[in-house]
Amino acid sequence: QDYWLRDTAGNIIKQDDQIWFLDVGRLGFKELYADWLLRALGDCKGIVFDYWSNRIYTGFVGGFTAGKKIQGYATDEFWQDKAWKPFISYLMQRLKAAGVKIVGNNVGLANDMPIKDFDRSFCDAVIYESFAVDYGGAWLTGQQAAGNIKTLGIDPKEVWCADSGIR
């Protein structure tokens, strides 16, 4: 099936030649993906979701869609309502029903976005990425690091911290 996320010119949205983005809102995708993932997990009872990106224009994927319009999705909010939320709700319910624990990347408390609360609601544990080092490899400021430490202490979920990948 052609489940690629495409711009309005028909080009597949890619991070690079090896990482292409999928359109989670395409008809039949969430069911196919959940079936495949559950088969692939076998007896595994937990999964870490990286590239957890609930915004296609301003979030992680937004770095690869800059200056482009995405087929079928005019705004981040439209994407969230028509693609992201139905996909995540369905997938997480299927995983939970199978007894799989969910760890979500970049769904920590330090955010004022309702979509983040939605994402967190499915997670058993969360990852605070860029906990001490930013994505470019530079140390965070003392104020930023102190904020991360404070948030870590009050987050009711199990928390993992990562910098430049989990180590």
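Fair warning: this is a prediction, and the values are worked out from it, not measured in the lab.
- Contact detail for Leu38 and Ala98: the closest heavy-atom pair is CD2-CB, 3.7 Å.
- Two residues are said to be in side-chain contact when any heavy atoms from C-beta on lie closer than 4.5 Å; Trp160 and Asn105 fail this criterion.
- Closest non-hydrogen pair, Ala83 versus Gly25, comes out as CB-CA, 3.6 Å.
- Remark: Asp155 does not engage Lys150 in a salt bridge, criterion side-chain N to carboxylate O under 4.0 Å.
- Looking at residues two or more places apart in sequence or on another chain, you find a ring-ring contact (aromatic ring centres under 6.0 Å, His included) between Phe87 and Phe29, Tyr33.
- Using a cut-off of 4.0 Å between Lys/Arg side-chain N and Asp/Glu carboxylate O, Arg39 and Asp35 are scored as not salt-bridged.
- Hydrophobic clustering (ILVMFWY, side-chain heavy atoms < 4.5 Å, transitive): Leu95 and Tyr90 are in distinct clusters.
- In this structure, the side chains of Phe131 and Ile149 come closer than 4.5 Å at one or more pairs of heavy atoms.
- Looking only at side-chain heavy atoms (C-beta outward), Arg6 and Asp2 come within less than 4.5 Å of each other.
- Closest heavy-atom contact between Leu152 and Cys161: CD1-SG, 3.3 Å.
- Distance check: Leu5 CG to Ile13 CD1 gives 5.5 Å after rounding to the nearest 0.5 Å.
- Inter-residue side-chain proximity for Ile88 and Phe49 is flagged as unmet; no heavy-atom pair is nearer than 4.5 Å.
- Here CZ of Arg26 is found 8.0 Å from CD of Gln1. Values are rounded to the nearest 0.5 Å.
- The backbone N or O of Lys68 lies less than 3.5 Å from no partner atom in the side chain of Thr65, so there is not a single donor-acceptor pair.
- For the ring-ring contact (aromatic ring centres under 6.0 Å, His included) criterion with Trp79, the lone passing option out of Phe21, Tyr57, Tyr73 is Tyr73.
- With sequence neighbours left out, Ala9 forms a side chain to side chain contact (heavy atoms under 4.5 Å, CB included) with Asp7, Asn11.
- Scanning all heavy atoms of the two residues, the minimum distance from Phe118 to Ser89 falls at CZ-OG, 3.4 Å.
- No donor-acceptor pair under 3.5 Å is formed between the side chain of Lys101 and the backbone N or O of Val48.
- In summary, the side chains of Trp52 and Asp119 do present a donor paired with an acceptor at a separation below 3.5 Å, with no hydrogens or angles considered.
- Annotation: side chain of Lys14 is not in contact with side chain of Ile19 (no heavy-atom distance under 4.5 Å).
- In this structure, Asp23 and Trp4 have side chains that are not in contact, with every pair of non-hydrogen atoms separated by 4.5 Å or more.
- Of the listed residues (Asn148, Asp163, Val133), just one forms a side-chain contact (heavy atoms from CB on, under 4.5 Å) with Leu140, and that residue is Asn148.
- Atoms OG and NZ, on Ser121 and Lys157 in that order, are 7.0 Å from each other to the nearest 0.5 Å.
- For the pair Ile56 and Trp84, the minimum side-chain heavy-atom distance is 4.5 Å or more.
- Nearest heavy-atom pair across Glu31 and Arg94 is O-NH1, 4.3 Å.
- How far CG of Asn106 is from CD of Glu129: 5.0 Å, rounded to the nearest 0.5 Å.
- The minimum heavy-atom distance between Arg120 and Pro156, with the atom names listed, is NH2-CD, 4.0 Å.
- Note on Leu27 and Ile12: separate hydrophobic clusters, where clusters join Ile, Leu, Val, Met, Phe, Trp and Tyr whose side-chain heavy atoms are under 4.5 Å apart, directly or indirectly.
- Here Gln18 contributes atom CD and Asp16 contributes atom CG; the two are 6.0 Å apart, rounded to the nearest 0.5 Å.
- Counting heavy atoms from C-beta on, the side chains of Leu37 and Ile47 come closer than 4.5 Å.
- Within 6.0 Å of NZ in Lys96 there are more than 12 heavy atoms belonging to other residues, nucleotides or ligands.
- Going from atom CD1 of Ile127 over to atom CD of Glu158 covers 10.0 Å, rounded to the nearest 0.5 Å.
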